[in-house]
Amino acid sequence: YATLFADSGAVAAYVASNYSRLAGQTRLWRDTWYNSTLPYWFLDKTFGNTSVLATSTCHRFSSGRFWGWEGVYCCPGTCTHVWQYAQALARIFPDIERDTRQRVDLGIGFNSSTGMIGYRAENDMQSAVDDQSGTILRCYREHQMSADDTFLTTNYPNIKLAMQYLMTNFDANSDGILEGAQQNTLDAQWYGKISWLSGLYVAACQACQQMALEVGDTVFAAQLGAIAQSGANYISNNLFYNAQYFIQLPDSSGNNIGAAWGCEIDQVMGESWGYQVHLPPILNQSAVDRKSVV
């Protein structure tokens, strides 16, 4: 945006000469947003958090690239395992998110030899399982927010490779449950069978399955469908603790980092993501309903 105008006088001149169009689009946006059966105050509160886009947390480089901190001047690189929680930006400015997926997550931050997505792009090329799953889900969302299939067909080879990275390195037996050292947004490697992280993986399998079907990669789609079903069944049947909430079963490594039998805040994150992009339910729905009461 700093490259659009020479100075403040140029800004004022632009506004003056384009006032009718700018004011009309602003009023149209306002009227569209508030044309809802939801209460005015609820709409205000719902949209309030998007104000972060107009702060120094977020930047648009002269190249057009979007870049964001985790917080103001804290933790660089549009961190994938943080920004994958955000939904509003992709719905309001879908072209920004499409560009970020293609230019950064599947570009600058992508290891084309392995399919690993560096979770801070050029700032840190380490892997995290939640961001890898979340970015695959975001790719599906960005495709859904596109007018045609250009984004999908352009990026599908790297999306598939990103999916295969998770399958090969964390689910070698294809049972839909992640294993080994599972780095995540809580800045530690968790071990064991973790409803939160495996739930995200199952949702990513479902999203990638749909993308595979759309491009005609039916063999891979069938493989993903089987993995997703197996993982969903295991989580519902084995990780729903005391008929109350979804847990982590630690493994035998002796590493005790994690929530274990505690009630972890992201326990049904994959299910939530599925709702966002219209995927089939992952978990036993009576269990999910019961969880919402806890």
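- Under the 3.5 Å distance criterion, the side-chain polar atoms of T50 are matched with a main-chain donor or acceptor of F47.
- More than 12 heavy atoms of other residues, nucleotides or ligands sit less than 6.0 Å from atom CG of L4.
- Interatomic distance, L106 CG to N158 CG, rounded to the nearest 0.5 Å: 5.5 Å.
- Under the 3.5 Å distance criterion, with hydrogens and angles disregarded, no donor-acceptor pair is assigned to the side chains of H143 and Q210.
- In this structure, Q189 contributes its side chain and A181 its backbone to no donor-acceptor pair below 3.5 Å.
- Atom OG1 of T185 sits about 8.0 Å away from atom CG of D266, to the nearest 0.5 Å.
- Of the N and O atoms on the side chains of D171 and Y201, at least one donor lies less than 3.5 Å from an acceptor on the other residue.
- In the model, D217 has a side-chain atom that pairs as donor or acceptor with a side-chain atom of Y156 under 3.5 Å.
- Judged by distance alone, the side chains of D130 and Y119 never bring a donor and an acceptor atom under 3.5 Å apart.
- With respect to the salt-bridge test (charged N to carboxylate O, under 4.0 angstrom), the residues E142 and R101 qualify.
- Classification of the W190-W196 ring pair by plane angle, with boundaries at 30° and 60°, yields perpendicular.
- Between the side chains of Q102 and N155, a donor-acceptor pair is found at a separation under 3.5 Å.
- Formation of a donor-acceptor pair under 3.5 Å by the Q182 side chain with backbone atoms of L197 is not found in this model.
- Between the CD1 atom of I159 and the CG atom of D105 there is a distance of 10.5 Å, given to the nearest 0.5 Å.
- Between F240 and F246, the ring-plane angle classifies as tilted under the 30° and 60° cut-offs.
- In this structure a side-chain-to-backbone donor-acceptor pair under 3.5 Å is missing from Q206 to G225.
- A side-chain donor from one of Y165 and S127 sits under 3.5 Å from a side-chain acceptor of the other.
- When all heavy atoms are compared, the tightest approach of W83 to W69 is NE1-O, 3.3 Å.
- A donor-acceptor contact closer than 3.5 angstrom links the side chains of R141 and Q87.
- Within the 3.5 Å criterion, the main-chain N or O of I247 finds no donor-acceptor partner in the side chain of E264.
- Taking the side chain as every heavy atom from C-beta outward, T100 and W67 never approach each other to under 4.5 Å.
- Judged purely by distance below 3.5 Å, without hydrogens or angles, the side chains of Q285 and E271 pair a donor atom with an acceptor atom.
- Between the side chains of S236 and N284, no donor N or O sits under 3.5 Å from an acceptor N or O.
- At distances below 3.5 Å, not a single donor-acceptor pair connects side-chain atoms of S230 with backbone N or O atoms of A226.
- No hydrogens or angles considered: a donor-acceptor pair under 3.5 Å links the side chains of Q84 and W273.
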